[in-house]
Amino acid sequence: MQPKNLKRLLRALGRQGLDVTYNNHTYSVRLANSPDFPVAEVLLPEGFPIEAKALKQLTNLASVRHPSGGCVCRACATPDFHPGDAGVAIGSVVETVGQVIPSAVGSDINCGMRLHVADLTIEQFLAKRDEFVERMKGDYFFGTRDVTMTGQAMQALFQYGVPGWLDAMLDRPTGSVVKSDLQQLAEESDAIFLGGSMDGDWKLAPEELVPDAGLVRDGGLATIGGGNHFVEVQRIDKVENRTLAHAWGVREGQLAFMIHSGSRNVGKYIGGMWRDKAKAVWPKNLKYPDSQIFPLSTSSHPELVASYLQAEATAANYGFVNRLLLAELLRLRLREVYKDVEAPLVYDLPHNITLPEGEGWVTRKGACPAHVGQPVIIPGSMGAYSYLMVGRGNPAFCNSASHGAGRIRSRFDLNRRGASESEAELGLTGVDCITLREERRIEEAPAAYKPIQSVIDVQVAAGMVDVVARLSPVLTFKA
DNA sequence: ATGTGC
């Protein structure tokens, strides 16, 4: 997007002994004196120039090396690659041994996607659209939702994620979930990545959310959050892989519900705390790295590495339950409005998380795990198709795939110029966006994003994923 | 990402 900046960056990288080449849709940054080993690689479709700032951030991330020991074995980026605020680009994947990098996940711990389908035609849905939308607006925007739960349930949630929380809820159901089928929720945890359960520690959660006695009335649970987060009603537009779609319970013409959200303020709290801790334990006699990205080394601080991973898992557990509850409110309202409608879970997948893989860890920031057979959910903008995919496990891209289309225009740009552009220019013609904030609708307009089709195609061509089904948007809730 | 900041 910034050819001048890019030229300057390439010259600067050259001075550091780094070469950038473009071949087979992939930008590769290599050490000039060892051209066989790429420092970092970015997959981009034809016609999408690389952003200098994002490439610089990826090169910085690839160079993170704790002085006490630890290395980055591989760094790469998916085609939705764009600059991030905290010095780490969105769409970065980094494989580390002997160190973990808290800021490579950042604040939005266990941001991810959840997909449900329902046997309801688009005509049946639209016939009662207004009533349904009003109820969801109440839950998502006006706080009519009731997610009250016991301190014990919150502790179990942070400690064990979905299954632990469900046990506590079965023991003492509270709030809206009283009307849910908790048995169905238990069976569905198979369709959540890692069963929706990581090794957390409730003592690492924000104190006010884990009382020993009494109830937590809200805790921020079942809220969508800002930015690119959303809840979207969709239609299964086209099935490409009948075998997998059938196995996953997906059929053409079904209604679908896609949820994009994360661990909200809990992730912000834990991500921020550990970014600061990693900085605080940087060796006193050494200057800070220019990138301001601080790893934790297993050699010098094994206990901090372990507790960071447990803290990240604690926030991740909250993220799983947050998406589950956003979906549960949808299902409750769906049954009220449309009667006897089932809306089974297809899959729930994080795209912002550290996972033990190989000899160390893989940290994905805005990138899906896409190992062989893994269901992968990739949303387009609110005016474009979204995709249900299956992973093919390409090790060249750390068994990963993009988490969306990726921004091409900044929020700042849309805020400044968007209001004076036409609906057609913004790509908003025919888009049914439900929000209380007009500026959000413009910031997140389809024109802010890359065309999803080329982002999907380049990843299929690279052997990272295959399409299972294509979903078209019906209406989108944006907080 | 964040009831935020260009």
Side-chain angles (χ1 to χ4, degrees), chain A residues 1-2 5 51 53-54 57 61 78 80-93 101-114 137 140-143 145 205-206 208-209 218-231 259-276 292-293 311-312 314-316 318-320 322-323 326 349-354 363-368 379 381 402-420 435-444 448-449 477-479:
Chain A
M1 299 299 121
Q2 308 146 333
N5 290 352
E51 285 182 82
K53 188 176 175 187
Q57 289 181 342
L61 184 63
T78 54
D80 53 351
F81 189 52
H82 60 279
D85 296 346
V88 180
I90 320 299
S92 300
V93 183
I101 309 171
S103 60
V105 177
S107 293
D108 194 11
I109 296 166
N110 190 8
C111 183
M113 305 296 306
R114 187 174 172 106
K137 275 168 78 174
Y140 289 157
F141 304 151
F142 301 130
R145 73 196 198 290
E208 65 276 16
L209 296 187
D218 174 323
L221 280 163
T223 57
I224 297 174
N228 58 356
H229 289 177
F230 65 80
V231 171
I259 292 165
H260 183 190
S261 188
S263 54
R264 312 286 291 102
N265 278 314
V266 174
K268 184 190 166 162
Y269 166 85
I270 285 176
M273 177 185 293
W274 285 87
R275 179 201 55 217
D276 295 346
Q292 293 290 312
I293 304 173
E312 199 199 305
T314 304
Y318 182 92
F320 283 125
N322 185 43
R323 283 194 294 275
L326 283 165
L349 181 72
H351 53 228
N352 236 54
I353 203 155
T354 304
T363 297
R364 296 178 176 86
K365 185 182 179 66
C368 298
S381 75
S402 83
H403 82 311
R407 272 196 171 269
I408 40 171
R409 288 183 61 187
S410 68
R411 261 171 233 296
F412 177 61
D413 182 35
L414 268 293
N415 268 321
R416 195 181 43 174
R417 300 195 299 143
S420 62
T435 180
L436 303 180
R437 302 178 58 187
E438 173 64 9
E439 67 270 30
R440 180 77 73 209
R441 200 176 70 93
I442 294 173
E443 282 172 8
E444 290 294 311
Y449 288 91
F477 294 93
K478 278 278 194 181

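Note on naming: letters A, B, ... go to the chains in the order of the sequence lines (proteins, then strands), and numbering restarts at 1 for each one. Quantities reported herein were computed from a predicted structural model and do not represent experimental measurements. All heavy atoms count here, side chains included; hydrogens, waters and symmetry mates do not.
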Euclidean distance, atom [atom1] of residue [X] to atom [atom2] of [N] [Å, nearest integer]:
{"X": "R411(A)", "N": "dG5(B)", "atom1": "CZ", "atom2": "P", "answer": "14 Å"}
{"X": "D85(A)", "N": "dT2(B)", "atom1": "CG", "atom2": "C1'", "answer": "10 Å"}
{"X": "E439(A)", "N": "dG5(B)", "atom1": "CD", "atom2": "P", "answer": "15 Å"}
{"X": "F141(A)", "N": "dG3(B)", "atom1": "CZ", "atom2": "C1'", "answer": "14 Å"}
{"X": "N415(A)", "N": "dT4(B)", "atom1": "CG", "atom2": "P", "answer": "14 Å"}
{"X": "E443(A)", "N": "dT2(B)", "atom1": "CD", "atom2": "P", "answer": "12 Å"}
{"X": "R440(A)", "N": "dT4(B)", "atom1": "CZ", "atom2": "P", "answer": "11 Å"}
{"X": "R407(A)", "N": "dC6(B)", "atom1": "CZ", "atom2": "P", "answer": "16 Å"}

**Request:** Taking only the side-chain nitrogens and oxygens of N265(A), find out if one of them lies under 4.0 Å from OP1 or OP2 of dG3(B).
**Result:** yes

**Request:** Tell me whether the OP1 or OP2 atom of dT2(B) has a side-chain N or O from R264(A) closer than 4.0 Å.
**Result:** yes

**Message:** For E443(A), is there an ion pair with R409(A) - N to carboxylate O distance below 4.0 angstrom?
**Reply:** no

Mark yes or no for whether [X], through its side chain, and [Y], through its backbone, hold a donor-acceptor pair below 3.5 Å.
{"X": "T314(A)", "Y": "A205(A)", "value": "no"}
{"X": "R440(A)", "Y": "A479(A)", "value": "yes"}
{"X": "Y140(A)", "Y": "L326(A)", "value": "yes"}

**Prompt:** Can you name the closest pair of heavy atoms from S261(A) and I224(A) and give their distance?
**Reply:** OG-O, 2.8 Å

Which nucleotide in the list [options] gets nearest to the side chain of [X]?
{"X": "H229(A)", "options": "dC6(B), dT2(B), dT4(B)", "answer": "dT2(B)"}
{"X": "R437(A)", "options": "dT2(B), dT4(B), dC6(B)", "answer": "dT4(B)"}
{"X": "K268(A)", "options": "dC6(B), dG5(B), dT2(B)", "answer": "dT2(B)"}

How would you label the contact of [X] with the nucleic acid (heavy atoms, under 4.0 Å): base, sugar-phosphate, or nothing?
{"X": "G262(A)", "result": "nothing"}
{"X": "G225(A)", "result": "sugar-phosphate"}
{"X": "G227(A)", "result": "sugar-phosphate"}

